[in-house]
Protein chains: 2
Amino acid sequence: MKFGTLGHALLGLLAARPQSGYELTRSFDVSLGNVWTAKHSQIYPELAKLEAAGLVQPAGTGARGSKSYAITRAGRAQLVRWLSETPPAAQDLRDEGMLRVFFLWLVAPDDAAAYLRDQRARYLAQLARYRAIKVQAAALPPGGEGPDAEALRWSLIALEAGIRLEKALAGWSTWALSELAAAPDPPAPKRPPRRR
Amino acid sequence: MKFGTLGHALLGLLAARPQSGYELTRSFDVSLGNVWTAKHSQIYPELAKLEAAGLVQPAGTGARGSKSYAITRAGRAQLVRWLSETPPAAQDLRDEGMLRVFFLWLVAPDDAAAYLRDQRARYLAQLARYRAIKVQAAALPPGGEGPDAEALRWSLIALEAGIRLEKALAGWSTWALSELAAAPDPPAPKRPPRRR
DNA sequence: GCCTCCATGTAATTGGTTACATGATTCT
DNA sequence: AGAATCATGTAACCAATTACATGGAGGC
């Protein structure tokens, strides 16, 4: 059996501690969701596939019929192999927000500016969310030794990437707005003489 | 009929000038490919769908049996509506490279560092590619008035976003490496006394 | 003649989302 | 009693990639 990114992401989450499908789903809703998404309808079947391949195993049941899984030795080996031996798949960035920028020449400059301002607001909102998480994490007890503590450490490193990315995008949108103001093109600004 | 991002991307490309499926495919291989990807096997059927919906129409044939399409008035209207009325779909960033960072605690610090250096090299390579395009574009004749010139202008604005993003990621990887060096954790550094 | 690039298409498969379905527990 | 949340699963559909298939034109 062959496993893609989702399978390995599940192995990675289970490497920290045994978890149920529901808990895994929530991970994709929050932290991990910023780099990879998955719905429960994809997770449950994938867990079954992983179990069939011997990479995870049932690890008891909890309240309300929850079933938690644990990673097996083979699963951990597979995960480490994936991390260290296979190169990250060429990322297919699908950024619809940035795609639209390519087509902004089709709308009035005012509409284009409005779009850029909207996008900037999104970037800043996401930046604020990230920063709140960072502050919250900094307030945690500094101790902790288990896998969870190590996992947290790396998730904060990834968080820093998110912060820097959103900052860069917010800065870019401000720059783009100034560019647009400098040469609105179709409707020439009244005063400054156009020079090309 | 309903069209998603791909359909609108095709409309956007055809709004600049009539093009064949092959030419459109190449656009996704180069500039547009950095924000959205599509293979010819997806593009040809989508063009047929767009034609059936009256948003594009055949615009003559070229050499080797190439068939070019032009956007219709309805297509342009639909595109502008999409741009100005519908909000960008919540981006599902799928960044496998960053996902792996969440799981780097599973490998030896040396391997984690090697991964970060590899990623940094990728970011810098992409940054160099973007900058080369920018330089190349700056050397172009500054004139030009048609839709193509306007489209170029906005593609350079999008390019600037790419440049800033890669710069941010390269900076992040350098920072992450220094973080890792500061506290390699599992194998404690010999000299500095560990304090937690 | 053969290889490469141009050019268009279809088929099969995978990955992912939306919708459907069900039941237990907790909160109000 | 009713609503919200926890919890697991399946079915149908859509989007996207990979593989299959064909042919014309130009260069070596």
Side-chain angles (χ1 to χ4, degrees), chain A residues 1-11 13-14 18-30 32-33 35-53 56 58-69 88-96 99, chain B residues 1-10 13-14 18-30 32-53 56 58-69 88-96 99:
Chain A
M1 254 187 239
K2 211 177 43 76
F3 293 97
T5 306
L6 174 63
H8 289 101
L10 293 175
L11 287 176
L13 289 169
L14 291 175
Q19 287 173 81
S20 68
Y22 188 82
E23 288 175 286
L24 293 166
T25 303
R26 278 196 328 212
S27 290
F28 284 101
D29 292 340
V30 291
L32 261 207
V35 293
W36 203 266
T37 58
K39 309 289 170 75
H40 76 276
S41 56
Q42 204 184 356
I43 289 169
Y44 288 116
E46 189 76 12
L47 278 172
K49 271 183 61 186
L50 288 168
E51 186 189 348
V56 305
T61 59
R64 296 174 217 86
S66 82
K67 306 192 292 184
S68 65
Y69 290 87
Q91 75 261 34
D92 55 318
L93 270 229
R94 289 173 185 281
D95 186 340
E96 191 191 302
L99 175 72
Chain B
M1 254 191 242
K2 211 179 42 79
F3 294 97
T5 307
L6 174 63
H8 290 102
L10 293 175
L13 289 169
L14 291 175
Q19 289 173 80
S20 67
Y22 188 81
E23 289 175 285
L24 293 166
T25 303
R26 278 196 327 213
S27 290
F28 284 101
D29 290 340
V30 292
L32 260 208
N34 295 303
V35 294
W36 202 266
T37 60
K39 307 291 168 74
H40 76 277
S41 56
Q42 203 184 355
I43 290 169
Y44 289 116
E46 189 76 12
L47 277 172
K49 271 183 62 186
L50 288 167
E51 187 189 348
V56 305
T61 58
R64 295 172 218 88
S66 82
K67 307 190 292 184
S68 66
Y69 291 86
Q91 76 260 33
D92 56 319
L93 270 227
R94 288 174 186 278
D95 186 341
E96 191 191 302
L99 174 72

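Chain naming here is simple, since letters A, B, ... match the order of the sequence lines and numbering starts at 1 in each. This structure is a prediction, so every number in the text was calculated from the model and none was measured.
- With rounding to whole Å, A/Gln19 atom CD is found 15 Å from D/dC6 atom P.
- If you take CG of A/Leu6 and C1' of D/dA16, they are 16 Å apart, rounded to a whole angstrom.
- Note: CH2 (B/Trp36) to C1' (D/dA16) measures 10 Å, nearest angstrom.
- A/Leu99 places its CG atom 15 Å from the P atom of D/dA15, with the value rounded to the nearest Å.
- When the side chain to side chain donor-acceptor pair (under 3.5 Å) test is applied to B/Thr25, no partner is found at least two apart in sequence or on another chain.
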Write down the protein N/O and nucleotide N/O pairs, taken from nucleotides 23-28 of chain D, whose separation is under 3.5 Å; answer none if there are no such pairs.
from   : atom 1 : to      : atom 2 : distance (Å)
D/dA25 : O4'    : B/Arg64 : NE     : 3.4

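- Contact between A/Gly21 and A/Leu47 at its shortest, heavy atoms only, is CA-CD1, 3.8 Å.
- Within the model, atoms CZ of A/Phe3 and NE2 of A/His8 stand 8.0 Å from one another, a figure rounded to the nearest 0.5 Å.
- Scored by the side chain to side chain contact (heavy atoms under 4.5 Å, CB included) test, B/Ala89 finds A/Glu96 as partners (sequence neighbours excluded).
- Heavy-atom distances under 4.0 Å link DNA chain D to B/Thr37, B/Lys39, B/Ser41, B/Gln42 of residues 37-44 of chain B, given in residue order.
- The residue among B/Ser68 and B/Arg94 whose nearest nucleotide of DNA chain C is located toward the 5' end is B/Ser68.
- As a whole-Å value, the separation of A/Tyr69 OH from D/dT8 P is 8 Å.
- If you take CZ of B/Phe28 and C1' of D/dA15, they are 13 Å apart, rounded to a whole angstrom.
- You'll find the side chain of A/Leu14 stays beyond 4.5 Å of the side chain of A/Leu50, heavy atoms only.
- When all heavy atoms of B/Lys2 and B/Lys49 are compared, the pair lying nearest together is O-NZ, 3.6 Å.
- Extent of DNA chain C lying under 4.0 Å from chain A heavy atoms, first and last nucleotide in 5' to 3' order, is C/dG15 to C/dT26.
- When the side chain to side chain contact (heavy atoms under 4.5 Å, CB included) test is applied to B/Glu51, the partners found at least two apart in sequence or on another chain are B/Val56, B/Pro58, B/Tyr69.
- To the nearest 0.5 angstrom, A/Leu10 atom CG is 11.0 Å from A/Thr5 atom OG1.
- Residues satisfying the side chain to side chain donor-acceptor pair (under 3.5 Å) criterion with A/Ser20, sequence neighbours excluded, are A/Glu23.
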Give the table of side-chain donor-acceptor pairs shorter than 3.5 Å for residues 32-46 of chain B, with sequence neighbours excluded, one pair per line with atom names and distance.
from    : atom 1 : to       : atom 2 : distance (Å)
B/Asn34 : OD1    : B/Tyr130 : OH     : 3.3
B/Asn34 : ND2    : B/Ser31  : O      : 3.2
B/Thr37 : OG1    : A/Arg94  : NH2    : 2.9
B/Tyr44 : OH     : B/Tyr22  : N      : 3.4

